[in-house]
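Here the structure comes first, spelled out in structure tokens, and everything after it is commentary.
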Amino acid sequence: MKLKATKRTETGTSASKKARTEGLVPAAIYGKELETVPVLLNQKELEDTLRKVGANGVFDVEVDGETYHVFVKELKTAAIKPILYHVDLLSFTKGQKVHMTIPVYISGEDELKEGYVSQSISELEVEVAPAEAPSDYTVDVSSLTIGDTISVSDLEIGEGATLLTDAELTVVSISAPDAVEEETTETSDDMPEPEVIGEDKDEDSE
């Protein structure tokens, strides 16, 4: 897929706000041995493209007749409204491996017979050619039991990928449910009588 972009001639908060009101998203294209190219992308076309290619998907951006092969390195959105504020696009050449962050998801939780799932890692850092990168890594926990763990080293990251995250780290573990402590209440007979502050203990001492 290919998007057409125009170079940004104005930068700054006010210029970015103006662009967004016109349905454009400020973006930056950068990469190895590439000077950063600030551009504007059509918001609807960008959103449609991202839905089609998925997370870490690769697409092309044409700027002034030059085409860049890119993937989204970072998306910045509004805190309340689903509005794209800025997009960082990493450019690469065919076959070039780059540093990518791949999300880790858990499946099969509903099939666990006992215990609960504790996920310690939500993403992996790998070096891979973007065209070969998976959209995510999914860990199936349906067959695990209490005490079982899955480490980074247990995941299949793909032949073309180089793992950058510590392989010894735990991705997910299955723990026993927390014991519920029952609170016991003492009867009023067992409770000590409150002492009245300022009251003389020995009335004969007056």
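- A donor-acceptor pair under 3.5 Å is formed between the side chain of Q119 and the backbone N or O of I121.
- The minimum heavy-atom distance linking T36 with P38 is given by the pair O-CD, 3.5 Å.
- Screening V87, D64, T6, I29 against V39 for a side-chain contact (heavy atoms from CB on, under 4.5 Å) leaves a single residue, I29.
- Using a 4.5 Å heavy-atom cutoff, the side chains of L144 and I150 are in contact.
- A heavy-atom distance below 4.5 Å is found between the side chains of P103 and Y105.
- Between R20 atom CZ and S16 atom OG the span is 5.5 Å, to the nearest 0.5 Å.
- Closest heavy-atom contact between N56 and P134: ND2-O, 3.6 Å.
- Rounding to the nearest 0.5 Å places OG of S142 at 11.0 Å from CD of E109.
- One finds the CG atom of L89 at 12.0 Å from the NZ atom of K73 (value rounded to the nearest 0.5 Å).
- In plain terms, the two heavy atoms of G115 and I174 that are nearest each other are CA-CG2, 4.2 Å.
- The heavy-atom pair separating A5 from L41 by the smallest distance is CB-CD2, 3.4 Å.
- Interatomic distance, CD1 of I102 versus OG of S122, reported as 12.5 Å (0.5 Å rounding).
- A side-chain hydrogen bond (donor to acceptor under 3.5 Å, both in side chains) with T101 is found for one member of E74, E123, E125 and no other, namely E125.
- Between L40 and P26, the shortest heavy-atom distance links the atoms CD2-CA, 3.8 Å.
- For T93, the side-chain contact (heavy atoms from CB on, under 4.5 Å) partners at least two apart in sequence or on another chain are Q96.
- Neither L75 nor F71 shares a network with the other; the hydrophobic side chains, linked directly or stepwise wherever heavy atoms of I, L, V, M, F, W or Y lie under 4.5 Å apart, form separate groups for each.
- Under a hydrophobic clustering in which Ile, Leu, Val, Met, Phe, Trp and Tyr are joined whenever their side-chain heavy atoms come within less than 4.5 Å, directly or via other members, V72 and V53 fall into the same cluster.
- A donor-acceptor contact shorter than 3.5 Å is absent between the side chain of E47 and the backbone of L84.
- Side chain of K97 to backbone of G160: a donor-acceptor contact under 3.5 angstrom is found.
- Under a hydrophobic-cluster definition in which Ile, Leu, Val, Met, Phe, Trp and Tyr are linked whenever side-chain heavy atoms come within less than 4.5 Å, directly or via other members, L46 and L24 are assigned to different clusters.
- For the atom pair Y137 OH and L155 CG, the distance stands at 8.5 Å (nearest 0.5 Å).
- Here the side chains of V172 and V117 are in contact, with some heavy-atom distance below 4.5 Å.
- The backbone N or O of Y116 lies less than 3.5 Å from no partner atom in the side chain of S175, so there is not a single donor-acceptor pair.
- Under the 4.5 Å side-chain heavy-atom criterion for Ile, Leu, Val, Met, Phe, Trp and Tyr, F92 and F59 are members of distinct hydrophobic clusters.
- Nearest heavy atom pair, residue T145 against residue D148, reads N-OD2, 2.8 Å.
- With salt bridges taken as basic N to acidic carboxylate O contacts below 4.0 Å, one links K44 and D48.
- Applying the side-chain contact (heavy atoms from CB on, under 4.5 Å) test between V25 and each of Q43, E45, H86 identifies Q43 as the sole match.
- With V152 as reference, L124 is the one residue of L124, D166, V104 to meet the side-chain contact (heavy atoms from CB on, under 4.5 Å) rule.
- For CD of E156, the number of neighbouring non-hydrogen atoms (other residues, nucleotides, ligands) closer than 6.0 Å is 12 at most.
- Linking ILVMFWY residues whenever their side-chain heavy atoms come closer than 4.5 Å, directly or via other members, places Y30 and V58 in the same cluster.
- Summarising the geometry, atom NZ belonging to K2 is positioned 8.5 Å from atom NE2 belonging to H69; distances are rounded to the nearest 0.5 Å.
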